[in-house]
There are 2 protein chains.
Amino acid sequence: MVQSSKKIQGVPEPTIRRMPSYLAFAEGLLRKGQQFVSSTQIANYMNIDPTQVTKDLSYTTIVGKTRVGYEVKALVDVLSEFLGFTIMDNAFLVGAGSLGSALLHDSGLSHFGLNIVAAFDVNSSTIGKKFNDIEVFHIDQFRDLSQEMNVVMGIITVPAENAQTVADLMVAWGIKAIWNFTPARIKVPEDIIVQNTTLYSNLAIIFNKLHNDRKEVL
Amino acid sequence: MVQSSKKIQGVPEPTIRRMPSYLAFAEGLLRKGQQFVSSTQIANYMNIDPTQVTKDLSYTTIVGKTRVGYEVKALVDVLSEFLGFTIMDNAFLVGAGSLGSALLHDSGLSHFGLNIVAAFDVNSSTIGKKFNDIEVFHIDQFRDLSQEMNVVMGIITVPAENAQTVADLMVAWGIKAIWNFTPARIKVPEDIIVQNTTLYSNLAIIFNKLHNDRKEVL
DNA sequence: TTCCATTAAAGAAAAATTTCTCTAATGATT
DNA sequence: AATCATTAGAGAAATTTTTCTTTAATGGAA
């Protein structure tokens, strides 16, 4: 079988997943005024192996000093830059329902390099409303607005059964990356980046552990 | 180094992550009236290897029929059950800010076995409000309400720097599992289940691919 | 009925990721 | 100044996860 999204020997995804936590930790230390942080200290905080930390950080440009560690300020800068949180990308969100409007409210996203410029829906009761200064338009206006604004990312927060339709629409109007919050798996051309984020998967993982513990206590 | 959360030879996490998508697919087929589905068909939908599907499903009780596949209805039932979506668990949410209130609005969660019974915050402007019929209390009332209600899960949606404080509080009042939406890593006793869900990690993965593509076009 | 194509399932092989081991460097202590 | 303890970093080993291979079963076509 042909692999659909071949990794071009990039940074391992688990590494990228850990980095925002390194960043959060470093930001905390910066606030506290700590100047240096060792890989051991970061590892303790993360509950992982110290060598994992140095390996992860070796993908960035930062270098640590023996017996001292990494400079906290530099770590914050390097990680923010590396994770793409310093570049602003414009995004459209489709599906201004419960989860969608939630994301619109989350001004945190704008601190991490994501600028949602408009939202779309088919539900007439939400169209015309504004969440956090982001207006909700009818999906039919998607085409016109795509051309006006420089939008690279599409966020899908519609019901799972409509995910593919929305994805097709996004691809048709030139979107480069899709952040899919539905459990549905969408089909798109090879060059489109897709990130599936299913909150319910995380829930399933918790339940699995929780309900297992109930059965076999050991 | 001692592994903090030793897996007791359970189901691989990547498997559990894929299952909600299998479920969504099966539910779609059920709506369309399809009776059987082959591992090949599921694999096509998921863009993964068919043997991955059979291996994943082998962790459940379902067995497929040669040359026919899995019964769709049974698949839906078995997966819902397996993922813990049929058992209702009560949860508290702490931090009714942008992301927190978003989750409160997401009635989807209740369809997946999670019942958020109350929310807490320190911000007086949100206290007393109701989102989706869930009331926001002052964090000081956490103790009293924990005892009244049978709450097994705590959801943390406060700013990263307050995550540990909230986690300590949850542990103190008998919560079994914590769903942590902050990039901060919290320290809890061994027997407490922690699931970290950092939206910004997913964002970082997209940016990584997106910005890399901009540089090295190949 | 007989054969064929398709399928689930089990086990082996490969790939990816994490952990372990070792080395060199250097700030702190004596 | 000399020694020691701690650290980053590189590479090897182990583990985990995915993919490949093989086998057995069986519904449908000839």
Side-chain angles (χ1 to χ4, degrees), chain A residues 1-19 21-22 26 29 34-72 74-75 78-79 185 201 205 208, chain B residues 1-19 21-22 26 29 34-72 74-75 78-79 185 201 205 208:
Chain A
M1 162 164 286
V2 179
Q3 180 99 359
S4 55
S5 63
K6 197 81 197 158
K7 228 177 281 175
I8 317 145
Q9 263 322 75
V11 183
E13 216 172 277
T15 295
I16 300 179
R17 283 190 190 285
R18 282 185 291 267
M19 285 182 170
S21 293
Y22 297 161
L29 295 178
Q34 188 175 320
Q35 256 202 309
F36 289 92
V37 59
S38 71
S39 63
T40 314
Q41 200 181 351
I42 300 175
N44 266 0
Y45 168 75
M46 296 285 292
N47 275 312
I48 58 173
D49 200 275
T51 55
Q52 184 76 76
V53 175
T54 59
K55 187 150 284 184
D56 285 347
L57 292 180
S58 74
Y59 289 104
T60 73
T61 55
I62 204 165
V63 280
K65 266 194 197 166
T66 301
R67 255 192 87 78
V68 176
Y70 303 90
E71 207 205 323
V72 174
L75 194 57
V78 164
L79 283 175
R185 294 303 170 97
S201 291
I205 292 169
N208 184 259
Chain B
M1 161 165 286
V2 180
Q3 180 98 1
S4 56
S5 64
K6 197 79 201 159
K7 226 176 280 176
I8 317 143
Q9 265 319 79
V11 184
E13 220 174 273
T15 295
I16 300 179
R17 283 190 190 284
R18 282 187 290 267
M19 282 181 171
S21 293
Y22 298 161
L29 295 178
Q34 188 175 319
Q35 256 203 310
F36 288 92
V37 59
S38 70
S39 63
T40 313
Q41 200 181 353
I42 300 174
N44 266 358
Y45 169 73
M46 296 284 293
N47 275 312
I48 59 173
D49 200 276
T51 56
Q52 184 77 77
V53 176
T54 59
K55 189 150 282 183
D56 285 346
L57 292 180
S58 73
Y59 290 103
T60 72
T61 54
I62 204 165
V63 280
K65 266 194 197 165
T66 300
R67 254 191 86 77
V68 174
Y70 302 91
E71 207 205 324
V72 174
L75 193 58
V78 164
L79 283 175
R185 295 302 170 99
S201 291
I205 292 169
N208 184 260

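Every chain is numbered from 1 and lettered A, B, ... according to where its sequence line falls, protein lines coming before strand lines. Not measured: the values here are computed from a predicted model.
Of all nucleotides listed (D/dG9, D/dC20, D/dT18), D/dT18 comes nearest to the side chain of B/Gln52. Set against D/dG27, D/dT19, D/dG9, the side chain of B/Val68 has D/dG27 as its closest nucleotide. Distance from the side chain of B/Pro14 is smallest to D/dT18 among D/dC20, C/dT19, D/dT18. When each of D/dG9, C/dT18, C/dT19 is scored by its nearest atom to the side-chain atoms of A/Asp49, the top-ranked nucleotide is C/dT19. Nearest nucleotide to the B/Thr66 side chain, out of C/dT18, C/dT7, C/dA9: C/dT7.
One can place CG of B/Leu57 at 10 Å from C1' of C/dA8, the figure rounded to the nearest angstrom. The distance between atom NZ of A/Lys55 and atom C1' of D/dT7, rounded to the nearest whole Å, is 16 Å. The distance between atom CD of B/Glu13 and atom P of C/dT18, rounded to the nearest whole Å, is 12 Å. Protein atom CD1 of A/Ile48 is 15 Å distant from nucleotide atom P of C/dT17, rounded to whole Å. In this entry the distance linking CZ of A/Arg18 with C1' of C/dA16 reads 12 Å, nearest Å. Atom CG in B/Asp56 sits roughly 14 Å away from atom C1' in D/dT16 (whole-Å rounding). When the P atom of D/dT7 is taken as reference, atom CZ of A/Phe36 falls 14 Å away, rounded to whole Å.
Contact annotation: B/Thr40 side-chain N/O to C/dT7 OP1/OP2 distance is under 4.0 Å. For A/Tyr70, a side-chain nitrogen or oxygen approaches OP1 or OP2 of D/dG9 to under 4.0 Å. For the pair A/Arg17 and C/dT17, the criterion of a side-chain N or O lying under 4.0 Å from OP1 or OP2 is not met.
Put simply, the side chain of B/Tyr45 gets close to the backbone of A/Arg185: a donor and an acceptor are under 3.5 Å apart.
Among the heavy atoms of the strands lying under 4.0 Å from A/Lys65 are primed sugar atoms or P, OP1, OP2 only; no base atom is included. Heavy atoms of A/Ser38 sit under 4.0 angstrom from primed sugar atoms or phosphate atoms, though from no base atom.
Looking at every heavy atom in both residues, B/Arg17 comes nearest to A/Ser201 through O-OG, 3.2 Å.
Two residues are said to be in side-chain contact when any heavy atoms from C-beta on lie closer than 4.5 Å; A/Arg18 and A/Gln52 meet this criterion. Counting heavy atoms from C-beta on, the side chains of B/Leu75 and B/Tyr22 never come closer than 4.5 Å. Using a 4.5 Å heavy-atom cutoff, the side chains of B/Ile62 and B/Leu79 are not in contact.
Taking 3.5 Å as the limit, the base of D/dA5 and the side chain of A/Arg67 contain a donor-acceptor pair of atoms between them.
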